[in-house]
2 protein chains.
Amino acid sequence: MSPLTVPPVGARIRQTRLARGMSLRALAREVGVSASLISQIETGKSQPSVSTLYAITTALGISVESLFDAGEAAALPPVTAAPGTVLHALAAFAADPGRRIGPLVTPGEREVLELDSGVVWERLGHVPGTDVDFLQVTYRPGGASSSSGGLMRHTGTEYGCLTSGELILTLGFDEYTMRPGDAVCFESTTPHRYRNDGDVPAVGVWFVFSDT
Amino acid sequence: MSPLTVPPVGARIRQTRLARGMSLRALAREVGVSASLISQIETGKSQPSVSTLYAITTALGISVESLFDAGEAAALPPVTAAPGTVLHALAAFAADPGRRIGPLVTPGEREVLELDSGVVWERLGHVPGTDVDFLQVTYRPGGASSSSGGLMRHTGTEYGCLTSGELILTLGFDEYTMRPGDAVCFESTTPHRYRNDGDVPAVGVWFVFSDT
DNA sequence: CTCGGTTGTTCAATGGTGCTGCACATTTCC
DNA sequence: GGAAATGTGCAGCACCATTGAACAACCGAG
């Protein structure tokens, strides 16, 4: 019987925690454990119990499986950070030429863009020459698509499907609560804003394309 | 902080172990632990460490996630069946005028289209007048995007993000294995085909748009 | 029926380690 | 300068995962 090496669960946790823009202590408090434990787990010095492991995954809004998947650690560029609020995904990623090799993008290879209002965009794919962006969007608890509180308007059309958490969409004069599995699509010229009032991250697959 | 109840992992283990026709001691020997430990884990009297949990799942040949998932089994909606292979989402839904009311689509309101090769398309949204389709796609075990086995070609661009399960994409002469969180995008003129060789359904959010 | 072979369960005992609390070296911000 | 963040290292304790043996129940063979 081979020793059977357990995948580097810690590294994955750290990776997604950083993607969420969470501090080590913030996660610890959310999970209900000490900060040092999280550190030791992430650095591989300690292996969490099943209950804390489960607590961590739910706090991060990810599946347990994603930690064990053969995602191949991969060299995630230490986060392509870009400070300040950004208005549009296209403008945000414009400076960063698509450096994808194949058509497949794994979680480890994603270009990550963190906004200052508790929102993280991870680029799932982009076809050069098109005005289309394919994103995984994460709204931290309290996060909103515009920190100022105002509504957004831009050209094009927007499609989104929530995979976990809960998200509130203000669209024109109406307000909708999105739950996992719910989807929206609308013309982006309608004033809109997303906001996460829950206490777990809201994650979804988004699709923004601007028909210039 | 709520106690956060961990799913009944033990019961699941026992369930699948019995399905494999394995004795308790046989599994214990395979995993490399004592028989009593397996018993205590299955009866919920003890919680395994992450390493033993991982060893158990690999010994049983199942994913870690399957232990934590809510039963979930089928629960697939009775299905608005439409026999016959369909070539394109747009063509498929063409006969069915968008009868959406608001911009939000919940899982219960989705238009469902079942193909005969173990593939289900659920429309997440559609903006009238556009050649864009926003779908949740489910490949049942053994399902493939074309029952005949041939590759598909059509105009436009295709974006997809897998949320659960495992899916194999044949794109041109290459083959890619998609795991949860992985995403692809490519010009649909490239011959392609999806196939689910796993034993759990593969579910993803897909985006097909044809630039006429 | 009695034996040897299963099956899964339970018990006390122990060794390991998950976890905490604090101190430490950092960096950032006022 | 201090104050408040950040992540890390260490010591120590208590808990619990793990073990091995003894347990009751079942089955087929002799």
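Atoms considered below: every heavy atom in the structure, side chains included; atoms not considered: hydrogens, waters and symmetry mates.
Residue A/S46 places at least one side-chain N or O closer than 4.0 Å to OP1 or OP2 of C/dG18. Taking 4.0 angstrom as the limit, B/R17 places none of its side-chain polar atoms (N or O) nearer than this to OP1 or OP2 of C/dT7. Between D/dG7 and A/S36, no contact under 4.0 Å exists linking OP1 or OP2 to a side-chain N or O. At C/dC19, none of the side-chain N or O atoms of A/S34 fall inside 4.0 Å of OP1 or OP2 (strictly under the cut-off).
Atoms CG and CG, from B/L162 and B/D182 in turn, are 7.0 Å apart once rounded to the nearest 0.5 Å.
The interatomic distance linking B/M22 (CE) with C/dT6 (P) rounds to 17 Å, in whole Å. Atom CZ in B/R25 sits about 11 Å away from atom C1' in D/dA21, given to the nearest Å. The nearest whole Å value for the distance from the CG atom in B/L37 to the P atom in C/dC11 is 16 Å. At whole-Å resolution of the value, CD1 in A/I41 and C1' in C/dG18 are 8 Å apart. If you measure from atom CD1 of A/I13 to atom P of C/dG18, you get 13 Å, rounded to the nearest angstrom. Regarding A/Q40, its CD atom lies at a distance of 17 Å from the P atom of C/dA23, rounded to whole Å. Distance CG (B/L24) to C1' (C/dT9): 9 Å, rounded to an integer number of Å. Following rounding to the nearest Å, B/R29 (CZ) and D/dT19 (P) show an atom-to-atom distance of 14 Å.
Within 4.0 Å of A/S23, counting heavy atoms only, lie sugar-phosphate atoms of the nucleic acid but no base atom. Residue B/S49 is in sugar-phosphate contact alone, with no base atom involved, counting any heavy-atom pair closer than 4.0 Å across all strands shown. No contact: A/E42 has no heavy atom under 4.0 Å from any strand.
Under the 4.0 Å criterion applied to side-chain N and carboxylate O atoms, B/R195 and B/E175 are assigned as salt-bridge partners.
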- [ ] Applying side chain to side chain contact (heavy atoms under 4.5 Å, CB included), run through B/V205 and B/L135 and close with a yes or a no.
- [x] CA-CA 6 Å; B/V205 176; B/L135 308 166; over 6 Å; no

Open item on the list: Would B/F207 and A/F134 count as a ring-ring contact (aromatic ring centres under 6.0 Å, His included) here? Give the steps.
Closed with: CA-CA 9 Å; B/F207 205 91; A/F134 187 29; 7.4 Å; no

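The side chain of A/S39 lies closest to D/dT8, out of C/dC19, D/dT19, D/dT8.
A/S49 and A/T52 share a side-chain donor-acceptor pair at under 3.5 Å.
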